[in-house]
Amino acid sequence: MQTVVLAAGEGTRMRPLTANTPKPMLPVAGKPLVVRCLEDAIAAGASRVVVVVGYEADVVRTALDERDWPVPVVTVTQAEQRGTADAVRTARSELGEDPFVVLNGDALYDRESLATLYESDAAVGSYRVEKPSSYGVLRVVDGRVEGVVEKPADPPSNLVNTGGYVFPAEALAWLDVDESERGELELTDVLQRACETADVRSVPFDRWLDVGRPWELLAANEWKLAELDREVAGDVSDDAELRGDVVVEAGATVEPGVVIEGPALVGAGSHVGPNAYVRGATYLGPDVRVGHGVEIKNSVVMADSAVPHLTYLGDSVLGEDVNLGAGTTVANLRHDGEPVELTVKGERVSTGRRKFGIVCGDGVRTGINCTINVGIVLSSGATVAPGETVLRDR
Ligand code: TTP
C-alpha cells in the first residue's frame, strides 16, 4: 500500500540533540530513526513511500537517496511545519486515488503489528498504556474507533494513538482542515472525519515508541540493540572479552583488557580500550574513542565523540564530537530512588526512569575530575571547568 512517512518536524523536545541533526537522522543502533521507519514499513507492506521532509530537509533527503530501497521512495518538502494534515497534503500530488498509510517518521512500530495495519482498509494503530492522559486517546467500541480525544483528563480508554493510520482514498479530499487550538492542521481531524464515515478499526500494537524526547532515544536504542545478533567484523584483541550479542563493525578496534557486554554496537572506526568496560545497551557511533579505565553503561555516544580516560558514564546520551575530560563522573540515580527528571522546553518532566544520567549536545567539553548530576542537559558547545560539580543545565 502507498505510504506517507512524516519526517518534517523540527524535534524541539529533543533539543539539544537536534541542534545540528534533524530528529529523523538521530541514530538508533547504527541507523537513522527514519531509515528504521522506512525499513519496517516496507517489510510490513509499503509498495511506495513518500517521505515528507522539512527541517534540515537536505540532510534527510540525502540519507534516503543514498540507500538502495526495494520499492520506490520519493521525498517532498513541506515548506513550513504547519501540522501533520498539512504534511500529508504536501504529499498529495505523489499519491494515487487509493487507500494510503501514514506513519510518523520519528516512531518505532513493531513489524508484526505494522503488517496487520497494512492488511486493513481503514485503521489506527493503537497502543495500550497505563496513564493515557498525556496522549491522544482513542474511543473504541468493539474494535471500531469512534474518535480521538487529545490529552483528556478523563480518558475514554487506555488505547493511545500511535500516529500510524490507514486512510480510505476519500480522505485525500479531507486534508484541508481548519487550524486547531494550538494553531496546527491536525491529521487527527481527518481521522475524526474518517471515523464518522468509515469502519475505522483499532489495530493494537505489541510495541510502539514515540521518539520525541532524549530518554526516548535511549529507549529506542535499547529496543533495537536488543534485536542485534553478534557480529564481529572489526579488529578485536584476543585479550578482550565480548559477552553476548555484541556487534563490532569493520574498521573498529577493541584493545586488550576490554570487556563489552551486549547488547552493544561498536561503530566503524571506533577505538575501545585498553581496559575499558562497556555494558549494554550501549551504542558507540562511528569514530568514537573510549579509553583506559572508562565504564560506559546503557548509553548512546554519537559520532566522533571521545570518553578517553577514567570516566563513568551511565544511562546517558552524548551528541557528536563531545569530549569528556579524564575522571568525568556522571550520576545516574537519585538518592530517593524517584524517577529522574529532565528539562524539556523549559519544563521539568519525569523521564519515568529510575536511572538516567545526562544529555550532551554536540561539541560539549568537560574538564578533568568533574561531576555531573542526574538529569543534566548540557547544550551544544557547553563547557565544564576542571573539578566542577554540575547541578544545573547549561
Ligand atoms: P511532532 O512530534 O508533534 O513534532 P516534531 O517532530 O517537530 O517534534 P517537537 O514537537 O519536539 O518539535 O510530530 C509528529 C510527526 O509528524 C513527526 O514525525 C514529525 C511530523 N511532522 C511533520 O512532518 N510536519 C509537521 O508540520 C509537524 C508538526 C510534524
Side-chain angles (χ1 to χ4, degrees), residues 3-26 28 32-38 40-41 49-61 63-64 73-92 94-95 100-109 114 124-125 127 134-136 148 150-151 160-165 167 175-191 208-217 219-220 317 342-347 349 351 359 361 377 379:
T3 299
V4 181
V5 170
L6 306 183
E10 184 176 341
T12 50
R13 290 165 300 146
M14 192 60 91
R15 286 177 188 159
L17 301 170
T18 46
N20 307 308
T21 306
K23 186 168 65 173
M25 291 305 297
L26 289 174
V28 176
L33 184 53
V34 68
V35 167
R36 291 207 171 263
C37 181
L38 260 72
D40 291 338
V49 187
V50 184
V51 186
V52 183
V53 294
Y55 178 67
E56 300 214 23
D58 287 345
V59 183
V60 186
R61 188 179 296 109
L64 295 174
V73 171
V74 296
T75 54
V76 294
T77 306
Q78 185 189 19
E80 230 184 296
Q81 279 67 72
R82 295 185 59 205
T84 44
D86 181 65
V88 178
R89 194 164 59 178
T90 311
R92 187 156 55 184
E94 291 289 342
L95 296 172
F100 57 99
V101 168
V102 179
L103 300 174
N104 276 349
D106 61 352
L108 295 178
Y109 300 89
L114 199 54
V124 189
Y127 187 67
S134 57
Y135 296 86
V148 56
E150 288 305 318
K151 302 188 170 73
V160 303
N161 179 5
T162 64
Y165 312 92
F167 283 107
L175 296 167
D176 302 301
V177 293
D178 292 332
E179 255 186 26
S180 65
E181 269 175 25
R182 62 171 179 173
E184 289 190 11
L185 309 180
E186 316 266 3
L187 206 49
T188 43
D189 287 340
V190 183
L191 171 67
W208 165 75
L209 182 65
D210 179 27
V211 187
R213 299 164 297 184
W215 62 90
E216 288 157 348
L217 184 66
V317 183
L342 209 69
T343 302
V344 177
K345 293 180 88 172
E347 273 181 41
V349 182
T351 62
V359 178
V377 178
S379 53

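Just so it is clear, the model here is predicted, and its values are computed rather than measured. For ligands, and for the atoms within them, numbers begin at 1 and follow the listed sequence. Just the heavy atoms: all of them, side chains too, but no hydrogens, waters or symmetry mates, feed the values below.
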N/O donor to acceptor pairs below 3.5 angstrom from side-chain atoms of residues 183-190, sequence neighbours left out:
{"from": "Glu186", "atom 1": "OE1", "to": "Arg182", "atom 2": "NH2", "distance (Å)": "2.9"}
{"from": "Glu186", "atom 1": "OE2", "to": "Ser180", "atom 2": "OG", "distance (Å)": "2.7"}
{"from": "Glu186", "atom 1": "OE2", "to": "Arg182", "atom 2": "NE", "distance (Å)": "2.8"}

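Every ring-ring contact (aromatic ring centres under 6.0 Å, His included) that Tyr165 has, sequence neighbours left out, goes to Phe167.
Enclosure of atom CG in Asp176 by more than 12 non-hydrogen atoms of other residues, nucleotides or ligands within 6.0 angstrom is indicated.
Sorted by first and then second residue, the salt bridge (Lys or Arg N to Asp or Glu O under 4.0 Å) pairs involving residues 12-22 (not counting sequence neighbours) are Glu10-Arg15.
Side-chain atoms of Thr77 never come within 3.5 Å of backbone atoms of Ala79 as a donor-acceptor pair (strictly under, hydrogens ignored).
Taking the side chain as every heavy atom from C-beta outward, Leu342 and Pro214 approach each other to under 4.5 Å.
In this structure, ligand 1 sits under 4.0 Å from heavy atoms belonging to Leu6, Ala7, Ala8, Gly9, Glu10, Gly11, Thr12, Arg13, Lys23, Gln78, Gln81, Arg82, Gly83, Thr84, Ala87, Asn104, Gly105, Asp106, Glu184.
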